[in-house]
Student: 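Just dropping this structure here.
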Amino acid sequence: MKSRKILVFSRDPGGTNAVMQLITPLRTHGNEVVVYGKDAALSIYRRFGMECADIRDAIPSGTQRETNEFLQNESPDLIVTGTSSEDFTERHLWQAATTGVFPALLCWTSGPIIASA
């Protein structure tokens with residue numbers, strides 16, 4: 001099976017706890033998993049010994065344009081996110097995924113929602 005690059009992002013504790021459960025199994029199956037967090041997610045990932053980066057270092061302005069450029073540079077095969085009601089980072093990642101540049105997006109809420117580009 002071909003290894004895929006999977007970008008994981010979350011901000012809120014609930015979304016972080018959901019997507020965090022996917023990281024080890026995805027890596028076990030030979031995928032490269034790159035983890036980004038913001039706010040509460042960073043301390044949760046680190047508490048569980050998971051290496052992660054602050055997405056604000058990669059997308060300082062938080063704009064859609066900068067998010068698109070970030071994803072073009074990262075070139076993930078799949079984007080996995082939590083959902084936040086007070087932040088637009090996930091929404092910008094989802095919007096970038098719908099442009100057809102990235103083949104799929106998995107958004108974790110109460111169950112998986114899969115949108116193929």
Student: List the atom of L7, the atom of P76, and the distance in Å for their closest heavy-atom pair.
Tutor: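 Looking at all heavy atoms of both residues, the shortest contact is CB-CB, 3.9 Å.
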Student: Quick one: side chain to side chain contact (heavy atoms under 4.5 Å, CB included) partners of E32, sequence neighbours excluded?
Tutor: K5, V34
Student: Are the side chain of T81 and the backbone of E90 linked by a donor-acceptor contact shorter than 3.5 Å?
Tutor: no
Student: Measure from the side-chain N and O atoms of D87 to the backbone N and O of T89, and report whether any donor-acceptor pair falls under 3.5 Å.
Tutor: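 The answer is yes, because a donor-acceptor pair under 3.5 Å joins these two groups.
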Student: Determine the minimum heavy-atom distance between G30 and S3, stating which atoms define it.
Tutor: O-OG, 2.7 Å
Student: Test of understanding: with side chain to side chain contact (heavy atoms under 4.5 Å, CB included), list the residues that count as partners of R56, not counting sequence neighbours.
Tutor: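 By the side chain to side chain contact (heavy atoms under 4.5 Å, CB included) rule, R56 matches K38, D39, L42, D54.
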Student: Decide yes or no for L71 and I79: does some side-chain heavy atom of the first lie under 4.5 Å from some side-chain heavy atom of the second?
Tutor: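 Heavy-atom side-chain distance check passes, below 4.5 Å.
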Student: Just grab all the side chain to side chain donor-acceptor pair (under 3.5 Å) pairs involving residues 15-27, residues at least two apart or on different chains.
Tutor: S10-T16
Student: Hydrogens and angles aside, do N68 and Q64 bring a side-chain donor and acceptor to less than 3.5 Å of each other?
Tutor: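 Yes, because at least one side-chain N or O of N68 sits under 3.5 Å from a partner of the opposite role on Q64.
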Student: Give me the atom names and distance for the closest heavy-atom approach of G37 to A41.
Tutor: CA-CB, 4.2 Å
Student: What distance do H29 atom NE2 and I6 atom CD1 have between them, rounded to the nearest 0.5 Å?
Tutor: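 Those atoms lie 10.5 Å apart.
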Student: Side-chain heavy atoms nearer than 4.5 Å, only ILVMFWY residues, links allowed to pass through others: does that put I23 and F48 together?
Tutor: yes
Student: Roughly how far, to the nearest 0.5 Å, is CG of L26 from CZ of R4?
Tutor: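 R4 atom CZ to L26 atom CG measures 10.0 Å (nearest 0.5 Å).
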Student: With a 4.5 Å limit on heavy-atom distance, are the side chains of V35 and F9 in contact?
Tutor: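 In short, these two side chains do not touch, never coming nearer than 4.5 Å.
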Student: How would you list, by chain and number, every residue that makes a side-chain hydrogen bond (donor to acceptor under 3.5 Å, both in side chains) with S61, sequence neighbours excluded?
Tutor: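 With neighbours one apart ignored, the set is T63, E66.
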Student: V8 versus Y45: any side-chain heavy-atom pair under 4.5 Å?
Tutor: yes
Student: So, using side-chain hydrogen bond (donor to acceptor under 3.5 Å, both in side chains) as the criterion, who are the partners of S43 when residues are at least two apart?
Tutor: none
Student: Atom CD of Q95 and atom CZ of R91: how far apart are they, to the nearest 0.5 Å?
Tutor: 11.5 Å
Student: Please name all residues satisfying side chain to side chain contact (heavy atoms under 4.5 Å, CB included) with A53, sequence neighbours left out, ordered by chain then number.
Tutor: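 A53 satisfies side chain to side chain contact (heavy atoms under 4.5 Å, CB included) with Y36 only.
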